[in-house]
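The block underneath contains the structure these notes are about, expressed in structure tokens.
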2 protein chains.
Amino acid sequence: MKRSIPTKRTTIYDLAELAGTSASAVSAVLNGNWKKRRISSQLAEKITRLAEEQGYALNMQASVLRRERSKIIGMIVPKYDNRYFGSIVEQFEALARERGLFPIITCTRRDPALEIEAARAMLSYQVDCLIATGATDPDRIADICSAAGVRAVNLDLPGSRVPSVISDNFAGALELTRRVLANCEREFGEKAPLLFVGGRGTDHNTSERVRGFRAAHAEAGVAVDETLVLTCGYAPEKAENAMKAMAEKVGTLPRGMFVNSTISLEGVMRWIRRSGHYADRIPHLGCFDWDPFVAMLGDHIEMVRQDVPRMLDAVFEIIDSGASDLKVIQIPPIVEQTG
Amino acid sequence: MKRSIPTKRTTIYDLAELAGTSASAVSAVLNGNWKKRRISSQLAEKITRLAEEQGYALNMQASVLRRERSKIIGMIVPKYDNRYFGSIVEQFEALARERGLFPIITCTRRDPALEIEAARAMLSYQVDCLIATGATDPDRIADICSAAGVRAVNLDLPGSRVPSVISDNFAGALELTRRVLANCEREFGEKAPLLFVGGRGTDHNTSERVRGFRAAHAEAGVAVDETLVLTCGYAPEKAENAMKAMAEKVGTLPRGMFVNSTISLEGVMRWIRRSGHYADRIPHLGCFDWDPFVAMLGDHIEMVRQDVPRMLDAVFEIIDSGASDLKVIQIPPIVEQTG
DNA sequence: CAATTCTGCTTCATCGATTGAGCAAGCGAG
DNA sequence: CTCGCTTGCTCAATCGATGAAGCAGAATTG
């Protein structure tokens with residue numbers, strides 16, 4: 001049963017010979033437009049049966065090479081290590097498949113160079129459209145796509161060259177901060193500024209969330225403590241180190257925190273546990289992102305969950321409609337019920 | 001700047017014309033074997049420069065069509081909603097890219113039909129090799145691949161037609177069960193059978209883990225309570241419902257549980273919280289899988305983490321070496337330190 | 001100086017599917 | 001019986017890259 005010579009794949013020419021007909025008839029039958037090409041249903045049936053019997057599989061490379069559109073759609077994503085990106089990818093695949101598109105995905109691990117390389121690779125594979133998710137430099141990717149005449153859409157982080165779909169970070173952060181401030185006031189009886197930790201100060205999402213954070217403080221009549229705004233990056237270690245440094249600097253530790261992603265929360269929680277600073281009283285947390293186990297961590301954590309289904313619907317609406325106006329669509333995130 | 005006619009892509013023929021040479025020279029230069037083909041370095045340089053200037057990108061579809069091997073490697077994965085599969089996919093991409101292979105991944109959401117369809121789609125794209133991860137029917141996929149002369153490897157769940165890489169489920173479950181039994185005995189002073197929940201009784205992993213679970217009970221001289229073995233599927237809702245049904249049936253609730261994946265744990269935790277049955281004393285848990293936030297849930301949870309890096313190294317070792325003996329490689333999982 | 005080798009290319013068939021153009025047979029109308 | 005139309009196909013070019021085979025002209029050898 002073992003053969004070192006790989007079974008030569010069946011082609012339309014093989015089928016044509018078997019059916020005593022031409023390759024073009026076979027092609028027409030197998031890609032469904034045999035009616036347009038006036039092939040008799042008898043021949044169509046015969047060819048279909050033969051294809052089945054021979055285990056024929058279309059050679060996409062050949063097909064795509066010849067066709068105008070490839071029906072391949074690409075997505076670039078930073079990581080697979082959290083629920084947010086996980087559900088983005090899963091949803092993306094489902095919606096693509098629904099439309100008869102073939103999804104290909106690349107994880108760039110937040111590496112800007114890999115991001116560009118991945119975009120180029122996707123173009124080489126003739127994607128019809130590329131979705132850049134959480135890209136560090138979405139405009140660069142958009143430029144590369146535009147040079148190849150390929151449509152692009154930004155997701156999660158906005159760009160200025162192609163349409164973008166993002167969460168309403170300001171509104172989400174505003175509400176989240178409000179809640180944490182209220183929780184703190186309820187428990188400790190006084191208003192005090194919160195800590196903001198995680199994210200890159202230069203990225204749109206983080207700056208919008210900081211803006212919401214500030215707005216909520218202003219609303220409550222609390223002055224933001226600038227030494228407590230730690231946009232140190234997303235990685236757990238970075239958040240952990242930033243917390244450590246912060247604790248050494250400030251007099252009294254904040255009683256409430258705004259954590260900018262579950263990834264950063266991992267580091268924050270680690271620090272809280274290891275440092276022992278909060279052994280007496282657990283701080284109130286707000287996390288911009290959702291995770292089922294974080295939700296179980298206790299009722300001192302509020303979460304804002306980005307609305308992935310609506311975000312991806314918006315992405316595909318742009319793709320389906322062929323729209324290319326440079327709008328940024330903001331999807332309101334969902335404030336999770338605690339408890 | 002907006003053009004409805006997509007910029008015609010530069011091809012090697014365009015470059016050839018610009019360089020006043022032939023397409024085959026361009027091809028030789030751009031795919032790096034111009035020395036073999038005795039192209040002068042002057043011409044090589046000129047072509048390289050032109051390619052750069054014109055933003056030339058290889059058409060992979062054309063290239064793959066012509067070549068013997070596609071250098072595309074496929075992976076089928078059930079879900080993206082947990083750390084285990086997330087890191088599998090991330091690692092897979094990294095290792096593939098390291099080898100100059102182009103990874104394509106499809107998420108089947110545990111749907112057997114989609115699994116087959118996805119495998120066929122990958123074959124249509126001429127993958128050189130397909131990794132079936134956690135497939136419900138790995139042998140079916142292996143057969144489809146073999147008919148096309150494509151190599152396959154099973155990951156996470158073993159099959160009988162191609163090599164497999166899995167966790168040492170028995171050993172992991174044995175150790176995990178031991179620990180939970182010990183934790184229960186320490187706290188409650190008596191030995192009592194644990195609950196097993198999650199997974200499909202028919203899948204290899206689950207049955208091996210149940211075997212480990214039983215072996216640990218036997219070792220401790222505790223009889224397994226058969227009404228407490230709930231292989232109800234992985235989904236959170238299934239685990240939750242199984243717990244509910246179990247609670248209505250048994251007299252005293254188990255004080256310790258073996259939970260077969262973080263996914264199932266989600267349902268178990270939900271039930272524990274909602275039912276209120278464990279309001280007085282938290283049960284001791286063992287989870288076969290790892291998640292950072294589960295680890296933070298408390299010191300009453302033990303976890304076994306599957307060794308994804310080693311598993312994928314093993315997969316690529318099989319691929320690199322071209323081995324096709326039907327062995328099942330078992331990778332010992334890592335017992336996480338609690339606290 | 002003729003014979004050979006080497007250099008640096010070009011030519012052309014090929015991979016498999018797609019599709020516009022075209023062709024032969026059949027049929028109905030005039 | 002002929003013209004025109006329909007039916008049911010086939011032919012051949014094409015997509016872009018690849019590489020075996022071949023071919024001038026220069027360089028080297030005996």
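Chain A is the first sequence line, chain B the second, and so forth, proteins listed ahead of strands; every chain is numbered from 1.
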Handout entry: Side-chain donor-acceptor contact under 3.5 Å, A:Q306 with A:S167
Key = yes

Exercise for the section: Would you mind checking if A:R109 and A:D111 are paired as a salt bridge, meaning a charged N to carboxylate O distance below 4.0 Å? Expected result: no

Completion exercise
Exactly one candidate in A:I141, A:N154, A:V315 meets side chain to side chain contact (heavy atoms under 4.5 Å, CB included) with A:I131; the answer is A:V315

Practice task
Determine, step by step, whether B:R49 and B:E45 satisfy the salt bridge (Lys or Arg N to Asp or Glu O under 4.0 Å) criterion, reporting the C-alpha distance in whole Å, the side-chain angles of both residues, the deciding distance to 0.1 Å, and the verdict.
Solution key: CA-CA 6 Å; B:R49 186 174 44 74; B:E45 238 167 274; over 6 Å; no

Exercise for the section: In whole angstrom, give the distance that lies between atom OH of B:Y56 and atom P of D:dG16. Expected result: 10 Å

Practice task
For A:N33 and for B:S40, find the nucleotide of DNA chain C with the closest heavy atom, then tell me which residue's nucleotide is more 5'.
Solution key: B:S40

Exercise for the section: Check whether any side-chain heavy atom of A:D128 lies under 4.5 Å from a side-chain heavy atom of A:R151, and answer yes or no. Expected result: no

Fill in the blank from the handout: From CD of B:E45 across to P of C:dG8 the rounded distance in Å is 14 Å

Practice task
Examine the side chains of A:T136 and A:E115 and answer whether a donor and an acceptor come within less than 3.5 Å of each other.
Solution key: yes

Practice task
Measure the distance from NZ on A:K71 to C1' on C:dA17 and round it to the nearest whole Å.
Solution key: 15 Å

Exercise for the section: Could you state the atom-to-atom distance from NZ of A:K35 to P of D:dT7 in whole Å? Expected result: 13 Å

Handout entry: Any donor-acceptor pair under 3.5 Å from A:S124 side chain to B:M60 backbone
Key = no

Practice task
Check whether any side-chain N or O of A:Y125 sits under 4.0 Å from OP1 or OP2 of D:dG16, and answer yes or no.
Solution key: no

Handout entry: Interatomic distance where CD belongs to B:Q126 and C1' belongs to C:dA17 [whole Å]
Key = 12 Å

Practice task
Indicate whether the side chain of B:D203 and that of B:Y234 have a donor and an acceptor atom separated by less than 3.5 Å.
Solution key: yes

Considering only distance and modelled atom types, tabulate donor-acceptor pairs under 3.5 Å from the side chains of residues 89-104 of chain B, sequence neighbours left out.
from: B:E90; atom 1: OE1; to: A:Y80; atom 2: N; distance (Å): 3.3
from: B:E90; atom 1: OE2; to: A:K79; atom 2: NZ; distance (Å): 2.6
from: B:E93; atom 1: OE1; to: A:C107; atom 2: N; distance (Å): 2.6
from: B:E93; atom 1: OE1; to: B:R97; atom 2: NH2; distance (Å): 3.0
from: B:E93; atom 1: OE2; to: A:Y80; atom 2: OH; distance (Å): 2.7
from: B:E93; atom 1: OE2; to: A:C107; atom 2: N; distance (Å): 3.4
from: B:R99; atom 1: NE; to: B:D320; atom 2: OD1; distance (Å): 3.0
from: B:R99; atom 1: NE; to: B:D320; atom 2: OD2; distance (Å): 2.9
from: B:R99; atom 1: NH1; to: B:L95; atom 2: O; distance (Å): 3.1
from: B:R99; atom 1: NH2; to: B:D320; atom 2: OD2; distance (Å): 2.9

Practice task
May I ask you to evaluate whether A:N31 reaches the phosphate of C:dA17, defined as a side-chain N or O under 4.0 Å from OP1 or OP2?
Solution key: no

Exercise for the section: Looking at every strand, decide which applies to A:L30 at a 4.0 Å heavy-atom threshold: base, sugar-phosphate, or nothing. Expected result: nothing

Would you tabulate the nitrogen or oxygen pairs shorter than 3.5 Å linking the protein to nucleotides 21-24 of chain C?
from: C:dA21; atom 1: N6; to: A:R37; atom 2: NH2; distance (Å): 3.3

Exercise for the section: Find the distance B:L123:CG to C:dG16:C1' and express it as a whole number of Å. Expected result: 16 Å

Practice task
Using whole Å, report how far CZ of B:R67 lies from C1' of C:dG16.
Solution key: 16 Å

Practice task
Check each residue of residues 10-29 of chain A for a non-hydrogen atom within less than 4.0 Å of any atom in DNA chain C, then write out the ones that pass by number, or none.
Solution key: A:T11, A:I12, A:Y13, A:S24, A:S27

Practice task
Side chain of A:N59 only, please: which of D:dC9, C:dC9, C:dG16 is the nearest?
Solution key: C:dG16

Practice task
Select one nucleotide: of D:dA17, D:dC9, C:dA17, the one nearest the side-chain heavy atoms of B:L58.
Solution key: D:dA17

Exercise for the section: Among the candidates D:dC9, C:dG16, C:dC9, find the nucleotide nearest to the side-chain atoms of A:L65. Expected result: C:dG16

Problem - Under 3.5 Å side-chain donor-acceptor pair for B:T133 and B:D156 - result: no

Completion exercise
Here the distance between atom P of D:dC9 and atom NZ of A:K46, to the nearest Å, is 10 Å

